[in-house]
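Okay, so here's the structure we're looking at.
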Amino acid sequence: MHLVIFDLETTGFSPRLHEIIQIAAVRLRHGAVLPAERFATFVRPQSAVPAHITEITGISNRDVRLAPEPASCLAAFSRFVGDATLVAHNGRRFDIPFLRESSNRHGLRLREVSFFDSMELSRRLWAREPSHSLDAVTDRLGLSTENLRRHDARGDVQLLASAVVSMWQRLGAAPDLCPVPLEVGHLPA
DNA sequence: GCTAGGCAGGAACCCCTCCTCCCCT
């Protein structure tokens, strides 16, 4: 199966009120990360990056000041995705609505793309565990976060890719058979 | 340690609405 694992950093939680400031993604084919197939860009927001977001993500106004505009970043990301299935952690509630809202706001025509939420893999594996956050998942899998910048999309997406590969294997699913139902999201056409 | 928005899922109830929790930055 052809997957694109992605992560967004934004200026807040609301797709209507806040903006994307970073997109990162890695490609997986047949259950393995393709090291040469990575996507990462800062995105120039219309408003300033709030101080508390810089504190969390390490992303400052200096990082995004000269970055490409949202419309071209979203279009480039969509080209990178191609016909792959998207994967994001809590993507159903956060990343996927953010992509749709941001594309709409910038007047981009949309196309449908399949996705699944990696939290569903965790729920399948550890139904009784109270937390399925990325931190909880990586702890349970014993994944190292050394040399990774957490809350930078490039670091988070690398961690999430390892987590997805590991959870997929633990579920005993064949590399080309998704163990959770696919859903529909939107990207620029 | 609080805040921000929206969702899913449950409670209470029979079809909606309301509530609370989780998770993302």
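This one's a predicted model, so the numbers in the text were calculated from it and none came from an experiment. In what follows, chains are A, B, ... by sequence order, proteins preceding strands, each numbered from 1.
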### Query
Hey, is the side chain of A:Thr10 poking within less than 4.0 Å of OP1 or OP2 on B:dC24, counting only N and O atoms?
no
Name the nucleic acid region contacted by [X], choosing base, sugar-phosphate or nothing; use a 4.0 angstrom heavy-atom cut-off, strictly under.
{"X": "A:Asp7", "value": "sugar-phosphate"}
{"X": "A:Asp156", "value": "sugar-phosphate"}
{"X": "A:Ser131", "value": "sugar-phosphate"}
{"X": "A:Leu8", "value": "sugar-phosphate"}

Figure out the [atom1]/[atom2] separation between [X] and [N], and round it to whole Å.
{"X": "A:Arg100", "N": "B:dC7", "atom1": "CZ", "atom2": "C1'", "result": "11 Å"}
{"X": "A:His18", "N": "B:dG6", "atom1": "NE2", "atom2": "C1'", "result": "12 Å"}
{"X": "A:Met119", "N": "B:dC7", "atom1": "CE", "atom2": "C1'", "result": "10 Å"}
{"X": "A:Leu159", "N": "B:dC24", "atom1": "CG", "atom2": "C1'", "result": "15 Å"}
{"X": "A:Asp152", "N": "B:dC24", "atom1": "CG", "atom2": "P", "result": "16 Å"}
{"X": "A:His52", "N": "B:dC24", "atom1": "NE2", "atom2": "P", "result": "15 Å"}
{"X": "A:Glu19", "N": "B:dA4", "atom1": "CD", "atom2": "C1'", "result": "15 Å"}
{"X": "A:Ile96", "N": "B:dC7", "atom1": "CD1", "atom2": "C1'", "result": "14 Å"}

Going by distance alone, is a donor N or O of one side chain under 3.5 Å from an acceptor N or O of the other, for [X] and [Y]?
{"X": "A:His151", "Y": "A:Thr57", "answer": "no"}
{"X": "A:Arg111", "Y": "A:Ser78", "answer": "yes"}
{"X": "A:Ser47", "Y": "A:Glu19", "answer": "yes"}
{"X": "A:Ser114", "Y": "A:Thr85", "answer": "yes"}
{"X": "A:Arg65", "Y": "A:Ser60", "answer": "no"}
{"X": "A:His18", "Y": "A:Thr11", "answer": "no"}

For nucleotides [N] and [M], find the distance between their [atom1] atoms and express it as a whole number of Å.
{"N": "B:dC14", "M": "B:dG10", "atom1": "C1'", "result": "16 Å"}
{"N": "B:dC23", "M": "B:dA12", "atom1": "P", "result": "23 Å"}
{"N": "B:dT17", "M": "B:dG1", "atom1": "P", "result": "38 Å"}
{"N": "B:dC2", "M": "B:dC16", "atom1": "P", "result": "37 Å"}
{"N": "B:dC22", "M": "B:dC7", "atom1": "C1'", "result": "9 Å"}
{"N": "B:dC13", "M": "B:dG9", "atom1": "C1'", "result": "16 Å"}
{"N": "B:dC15", "M": "B:dG5", "atom1": "P", "result": "33 Å"}
{"N": "B:dT3", "M": "B:dC18", "atom1": "C1'", "result": "23 Å"}

### Query
Does A:Ser14 or A:Leu134 map to a spot on DNA chain B nearer the 5' end, using the closest nucleotide for each?
A:Ser14
### Nearest-nucleotide comparison on DNA chain B, the residue closer to the 5′ end among A:Pro15 and A:Ser133
A:Pro15
### Task
Please determine, for B:dC21, whether a Watson-Crick or G-U wobble partner exists with both distances under 3.5 Å, and give it or none.
none
### Test: A:Arg123 and A:Glu129 ion pair at under 4.0 Å
no
### Message
Are B:dC23 and A:Phe94 stacked, with the base six-membered ring and the side-chain ring centres under 5.5 Å apart and planes under 30°?
### Response
no
### Row check, A:Phe115 ring normal vs A:Arg92 NZ/CZ: under 6.0 Å, within 45°
no
Distances under 3.5 Å only, N/O to N/O: pair up the protein atoms with those of nucleotides 8-11 of chain B.
from, atom 1, to, atom 2, distance (Å)
B:dA8, O4', A:Arg93, NH2, 2.7

### Task
Examine A:Phe77 together with A:Phe6 and report whether their ring centres are nearer than 6.0 Å.
yes
